[in-house]
Visitor: 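Dropping a structure here in structure tokens format, bear with me for questions.
Bear in mind that the values here come from a model prediction, so they are computed numbers and not experimental data. As the structure lists them, so they are numbered: ligands from 1, and atoms in each ligand from 1.
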Amino acid sequence: MRTKIVGHGFFVPENIVTNFDLEKIMDTSNEWIVERSGIHERRFIVPDGDVSTSDLAVKASQKALEMAGLKADDIDLIIAATLSPDFFFPGIGVLIQSKLACKAIPAFDLRQQCCGFIYGLQMADLFIKSGVYKTILLVGAEVQSPGLDKTTRGRDISVLFGDGAGAFILQNSDDGSDILGSKLYSDGRYYDQLWLEYPLTKKTGRISCEDIEAGRHHPKMNGRNVFRHAITKIPEVVFEILKEHQLTVQDIAMVVPHQANQRITEAVAQRLGLPMEKVYSNIAKYGNTTAATVPIAFHEAWEAGLFKRGDLVVTTSFGSGFTWGANLIRY
Ligand code: ACO
């Protein structure tokens, strides 16, 4: 049994928010954001409109289905990775199932933040190889923008994130394409280094007006600690998965990393000993779309002709938890 990525696609909202737009609402500058993160612009949904995370996910999924030449009815499992579901519960998996008009199939959410998609890819791979499901939709989708603290108080984090979605369709195949392996890790000692604490489950009413005034409902990050761990753990896990398959970085056509920060991507490329042409980056256009970065970047890199069928591609990520990992793909 082998697992083939038979389709992929992505969708981002039309609304472009540049660094200059952010300059108007908080004390920041285009220079600061570009120098520290490499981000020039990101996409935000129109707030308080009709579009939520599941809608972005559905659009990305339709594009992946189209590339695969399949219909929604062919899907027999949905795995949805997000930290920003439409509602506290249920998750977006079931909303995608209903909005795509799939038959009654299992659908579930993965709460692994920036690593949601690479965790989901291992799960999808193993479900296919076990013969339990034949056609799996794996989607990463986020609507971060309404939850960010877009004032000077939250500027260290709010300038980094954007909204978007990306999807893969995976099927059993015997033509040589495969997910050759995945390596996943977590270290929960760092849970509060990049987190969203409120609404707080154990608290009566979950959140108070005082909590909101104090901004406890916005994500918080120890940026330097995240940076330090990301540039260590990503190269470590990429080297580990390559070694396990008796491969070196020279065998890889493309590394598609999570898009957290251009400086993280450059440090990863340097530590891997790869030129930037082999480590895909699109953070300048979309910022950090969390669970959606890997499928969006994967699709764009493929569309740009940076890898083709038969090539080896590594997808890798690091994020909140902390969690990190990599997948080795024979595309
Ligand atoms: N605009 C202008 N100034 C800012 C902004 C902003 N948006 N944000 C922070 N500053 C100021 C700070 O207040 C500070 O001012 P001070 O020196 O007067 O106190 C100064 O800039 C430097 O702040 P630092 O936090 O020390 O800046 P640093 O060089 O560490 O860069 C950054 C911050 C970009 C967040 C960096 O730590 C980083 O890249 N971290 C990695 C985290 C990351 O990329 N997270 C993405 C999400 S996590 C993930 O997906 C893995």
Visitor: Would a 4.0 Å cut-off, counted as strictly less than, catch a protein heavy atom around atom 17 (O) of ligand 1?
Guide: no

Visitor: Closest non-hydrogen protein atom to atom 12 (C) of ligand 1, residue and atom name please, with distance?
Guide: Arg155 NH2, 3.9 Å

Visitor: Take atom NZ in Lys59; do more than 12 heavy atoms of anything else shown fall under 6.0 Å from it?
Guide: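 Atom NZ in Lys59 is not packed in, count stays at 12 or less.
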
Visitor: Could you check whether Arg42 makes a cation-pi contact with Tyr286, meaning its NZ or CZ is under 6.0 Å from the centre of the six-membered ring and within 45° of the ring axis?
Guide: no

Visitor: Would a line drawn from the ring center of Tyr185 to the ring center of Phe322 be shorter than 6.0 Å?
Guide: no

Visitor: Any protein heavy atom under 4.0 Å from atom 29 (O) of ligand 1?
Guide: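 Yes; the ligand atom in question has protein heavy-atom contact below 4.0 Å.
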
Visitor: Pull out every atom of ligand 1 sitting under 4.0 Å from any heavy atom of Ala260, numbered as shown with elements.
Guide: 44 (O), 46 (C), 49 (C), 50 (O), 51 (C)

Visitor: Where on Asp156 is there a heavy atom closer than 4.0 Å to ligand 1, on the side chain, on the backbone, on both, or on neither?
Guide: both

Visitor: Looking at Tyr331 versus His8, is the centre-to-centre ring distance below 6.0 Å?
Guide: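 Ring-ring flag for Tyr331/His8: true, centres closer than 6.0 Å.
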
Visitor: Who's the nearest protein heavy-atom neighbour of atom 1 (N) of ligand 1, and how far?
Guide: Thr28 OG1, 2.6 Å

Visitor: More than 12 non-hydrogen atoms from neighbouring residues, nucleotides or ligands closer than 6.0 Å to CD on Gln270, yes or no?
Guide: no

Visitor: Hey, is Asp311 close enough to Lys308 for a salt bridge, meaning N to O under 4.0 Å?
Guide: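 Salt bridge flag = yes for Lys308 with Asp311.
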
Visitor: What about the rings of Phe307 and Phe298, do their centers lie closer together than 6.0 Å?
Guide: yes

Visitor: Could you point out which residue of Thr290, Asn288, Thr293 forms a side chain to side chain contact (heavy atoms under 4.5 Å, CB included) with Glu142?
Guide: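 Option passing the side chain to side chain contact (heavy atoms under 4.5 Å, CB included) with Glu142: Thr290.
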
Visitor: Distance to 0.1 Å, residue and atom name: give those for the protein heavy atom nearest to atom 38 (C) of ligand 1.
Guide: Asn261 ND2, 3.6 Å

Visitor: Among all protein heavy atoms in this structure, tell me which lies nearest to atom 36 (C) of ligand 1, with the distance rounded to 0.1 Å.
Guide: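 Here the closest protein heavy atom is Arg263 NH2, 3.7 Å.
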
Visitor: Measuring from atom 34 (C) of ligand 1, which candidate in Lys233, His229, Arg36 has the nearest non-hydrogen atom?
Guide: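 Nearest option to atom 34 (C) of ligand 1, by heavy atoms: Arg36.
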
Visitor: Please state which option from Glu23, His258, Arg224 has its nearest heavy atom closest to atom 24 (P) of ligand 1.
Guide: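 Result: the heavy atom closest to atom 24 (P) of ligand 1 is in Arg224.
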
Visitor: For residues Phe318 and His258, establish whether the separation of their ring centroids is below 6.0 Å.
Guide: no

Visitor: For atom 46 (C) of ligand 1, what is the nearest protein heavy atom, given as residue, atom name and distance?
Guide: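 That would be Asn288 ND2, 3.6 Å.
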
Visitor: Which of the atoms of ligand 1 are close to Val159, meaning less than 4.0 Å from one of its heavy atoms?
Guide: 7 (N)

Visitor: Which of the listed options, Phe161, Phe227, Trp32, Phe318, holds the heavy atom that is closest to atom 51 (C) of ligand 1?
Guide: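 It is Phe318 whose heavy atom sits nearest to atom 51 (C) of ligand 1.
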
Visitor: Tyr191 and Trp195: aromatic ring centres closer than 6.0 Å?
Guide: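 Ring-ring flag for Tyr191/Trp195: true, centres closer than 6.0 Å.
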
Visitor: Any chance the rings of Phe117 and Phe168 have centres within less than 6.0 Å?
Guide: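 Close enough - the centres of the two rings lie under 6.0 Å apart.
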
Visitor: Would Cys114 count as a contact of ligand 1 if the rule is a heavy atom under 4.0 Å away?
Guide: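 A heavy atom of Cys114 does come that close to ligand 1.
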
Visitor: Please report which non-hydrogen protein atom sits nearest to atom 48 (S) of ligand 1, along with the residue it belongs to and the distance in Å to one decimal place.
Guide: Leu194 CD2, 3.2 Å

Visitor: Would you say atom 14 (C) of ligand 1 makes contact with the protein, given that contact here means a non-hydrogen protein atom less than 4.0 Å away?
Guide: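 Under the 4.0 Å cut-off, atom 14 (C) of ligand 1 has no protein heavy-atom neighbours at all.
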
Visitor: Looking only at protein heavy atoms, identify the closest one to atom 41 (C) of ligand 1 and say how far it is in Å.
Guide: Gly223 O, 3.3 Å

Visitor: Using a strict cut-off of less than 4.0 Å between a Lys/Arg side-chain nitrogen and an Asp/Glu carboxylate oxygen, indicate whether Arg271 and Glu236 qualify as a salt bridge.
Guide: no

Visitor: May I ask whether atom 44 (O) of ligand 1 is less than 4.0 Å from at least one protein heavy atom?
Guide: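 Yes, there is a protein heavy atom closer to it than 4.0 Å.
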
Visitor: Of the protein's non-hydrogen atoms, which lies at the shortest distance from atom 35 (C) of ligand 1, and what is that distance?
Guide: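 Of the protein heavy atoms, Met221 CE, 3.8 Å lies nearest.
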
